[in-house]
Amino acid sequence: MERRHLLLSATVLVVVLLGACTAAAAAAEKAAAVPSSCDAYRGSWVVDESYPLYDAASCPFVRTEFDCRLNGRPDTAYLKYRWQPSPPCSLPRFDGRKLLSAWRGKTAAFVGDSLVANQYESLLCMLHAAAPGARTNASWASGENSSITVRFEDYGVTLVYYLSHYLVDLVRDRAGRTVLKLDTVDGEGRKWLDADVLVFGSWRWWARKSWDYIQDGDTVLQDIDRTQAFAKGLQAWARWVDANLLQTTTKVFFQGYSPSHLHGQEWGAPPGTTCTAETQPVSDAAAAYRGQAPNPQDAIVRRVLAGMSKPVHLLDIAFMSQLRKDGHTTKYSGGSGPGADCTHWCVAGVPDSWNTLFYYSVLTAGNS
């Protein structure tokens with residue numbers, strides 16, 4: 001009996017030790033996967049022959065302007081780069097089925113200009129490639145309230161894109177004049193309240209005047225300094241988010257600055273060079289961008305997000321995108337003119353890596 005008791009005790013001890021070891025290993029693996037010092041937005045582009053993650057020709061959601069291969073781009077090297085964070089960081093490979101399962105029954109909304117649409121359509125293609133047999137329904141609304149809605153029926157997941165150049169209200173007065181209101185988001189914001197995940201982005205359109213008047217409180221002017229206007233508009237957006245989303249479980253993200261490549265001097269090329277004929281990323285990031293003044297939009301975004309009560313995760317894509325002078329649609333955007341588009345990105349391409357980082361943030365860091 002005593003021997004039997006000892007054997008039983010030994011067995012229990014082994015089970016306990018195995019359980020402790022398993023738990024410790026799991027904890028160590030988790031800690032190693034997401035180190036506290038990890039900055040996934042610092043790293044380099046590496047060639048990965050398993051890329052791209054999908055063929056744009058098989059994606060029903062990418063617009064013609066972003067499909068560079070469809071529009072005759074002959075080189076393919078730009079499709080083969082994967083973003084690799086610097087150690088100790090590492091990125092999980094994008095798993096579209098896992099993301100669809102995590103978002104089951106939920107709505108993710110992308111709100112902003114065509115650069116946000118770049119990311120939105122890239123994500124749709126990545127999900128479609130991961131679950132090619134999933135039933136989808138798509139609908140479009142045109143006009144001033146332009147939107148795209150795609151629903152993955154088998155998962156109950158809805159992805160919406162709302163066109164909003166400024167994130168604040170752009171209205172027409174009684175005389176039919178267009179007024180940009182720097183202090184209100186009421187008209188725009190009502191559409192966003194039902195989303196479980198929100199990705200915002202804005203900047204490019206602040207540089208161009210698409211309004212007759214600009215209004216800040218009771219002050220109405222034809223124009224003001226655009227950087228100042230952007231700061232005021234973003235502060236109004238932040239107040240709206242805090243007032244409407246603070247007590248909700250909605251996850252909020254902000255798309256960082258997406259650079260253009262119109263000036264070759266920025267990467268050591270001769271004056272007059274643009275992105276047009278570029279087929280490789282910047283090879284020496286430190287040398288190419290040494291001494292450049294910080295982008296004012298980036299500083300404004302960081303300052304505003306830091307002052308918010310609602311946690312908002314910055315998708316800090318500026319540095320990684322700066323290196324990709326080869327990733328723009330250039331003359332392969334389907335347009336008839338000879339001009340080079342050095343602002344928008346080919347899909348498939350750079351926005352896929354934005355979405356891998358977005359995926360990483362959704363499943364790990366969230367809004368912490």
Can you see which heavy atom on [X] is nearest to which on [Y], and at what distance?
X      : Y      : answer
Pro296 : Thr227 : CB-CG2, 4.2 Å
Asp216 : Lys232 : OD2-NZ, 3.1 Å
Arg93  : Leu53  : NH2-CD2, 3.5 Å
Ser101 : Tyr155 : OG-CE2, 3.9 Å

field: Arg302 with Asp298: basic N within carboxylate O range, under 4.0 Å
entry: yes
query: When you check the gap from the basic side-chain N to the acidic O, do Arg82 and Asp48 get nearer than 4.0 Å?
result: yes
Is there a donor in the side chain of [X] and an acceptor in the side chain of [Y], or the other way round, less than 3.5 Å apart?
X      : Y      : value
Tyr257 : Gln322 : no
Arg204 : Ser258 : no
Tyr78  : Arg324 : no
Ser210 : Tyr166 : yes
Trp345 : Ser321 : no
Thr279 : Asp75  : no

Ignoring hydrogens and angles, tell me if any N or O in the side chain of [X] forms a donor-acceptor pair with the backbone of [Y] under 3.5 Å.
X      : Y      : result
Asp316 : Gly256 : no
Asn71  : Cys68  : no
Asp326 : Glu278 : no
Glu153 : Asn137 : no
Asp169 : Asp186 : yes
Asp113 : His165 : no
Asp242 : Met308 : no
Gln255 : Trp354 : no
Lys251 : His313 : no
Arg97  : Ala131 : no

Is it true that [X] and [Y] fall in one hydrophobic cluster, defined by side-chain heavy atoms closer than 4.5 Å?
X      : Y      : result
Tyr332 : Leu79  : no
Val197 : Leu363 : yes
Leu305 : Ile300 : yes

message: Exactly one of Trp237, Trp205, Trp203 should register a ring pair (Phe, Tyr, Trp, His ring centres under 6.0 Å) with Phe230. Which one does?
response: Trp203
message: Among Phe110, Trp192, Tyr162, Tyr120, which residue satisfies the ring pair (Phe, Tyr, Trp, His ring centres under 6.0 Å) criterion with Phe200?
response: Trp192
- request: May I ask you to decide if the ring planes of Trp103 and Phe358 are parallel, tilted or perpendicular, using 30° and 60° as cut-offs?
  value: tilted
- request: Could you check if a side-chain atom of Thr356 sits within less than 4.5 angstrom of a side-chain atom of Met126, using non-hydrogen atoms only?
  value: yes
field: Chi angles and distances behind the side chain to side chain contact (heavy atoms under 4.5 Å, CB included) call for Glu188, Leu167
entry: CA-CA 7 Å; Glu188 292 277 325; Leu167 301 182; over 6 Å; no
field: Criterion side chain to side chain contact (heavy atoms under 4.5 Å, CB included) on Leu198 and Leu245, from CA distance to verdict
entry: CA-CA 10 Å; Leu198 278 163; Leu245 302 178; 3.7 Å; yes
Pro85 and its side-chain contact (heavy atoms from CB on, under 4.5 Å) partner, picked from Pro88, Cys89, Pro87: Cys89
query: Step by step, would you call Asp223 with Lys209 a salt bridge (Lys or Arg N to Asp or Glu O under 4.0 Å)?
result: CA-CA 8 Å; Asp223 206 359; Lys209 188 175 186 291; 5.8 Å; no
query: So Leu127 and Val157, side chain to side chain contact (heavy atoms under 4.5 Å, CB included) or not? Walk me through it.
result: CA-CA 11 Å; Leu127 293 173; Val157 173; 5.8 Å; no
query: side chain to side chain donor-acceptor pair (under 3.5 Å) between Gln280 and Tyr81: does it pass, once the steps are laid out?
result: CA-CA 10 Å; Gln280 301 290 331; Tyr81 288 98; 2.5 Å; yes
message: side chain to side chain contact (heavy atoms under 4.5 Å, CB included), that's the test. Do His344 and Ser333 meet it? Break it down for me.
response: CA-CA 9 Å; His344 297 100; Ser333 60; over 6 Å; no
query: Just wondering, more than 12 heavy atoms not from Lys80 lying within 6.0 Å of its NZ?
result: yes
Step-by-step ring-ring contact (aromatic ring centres under 6.0 Å, His included) determination, His128 to Tyr54: CA-CA 9 Å; His128 179 263; Tyr54 58 89; 9.2 Å; no
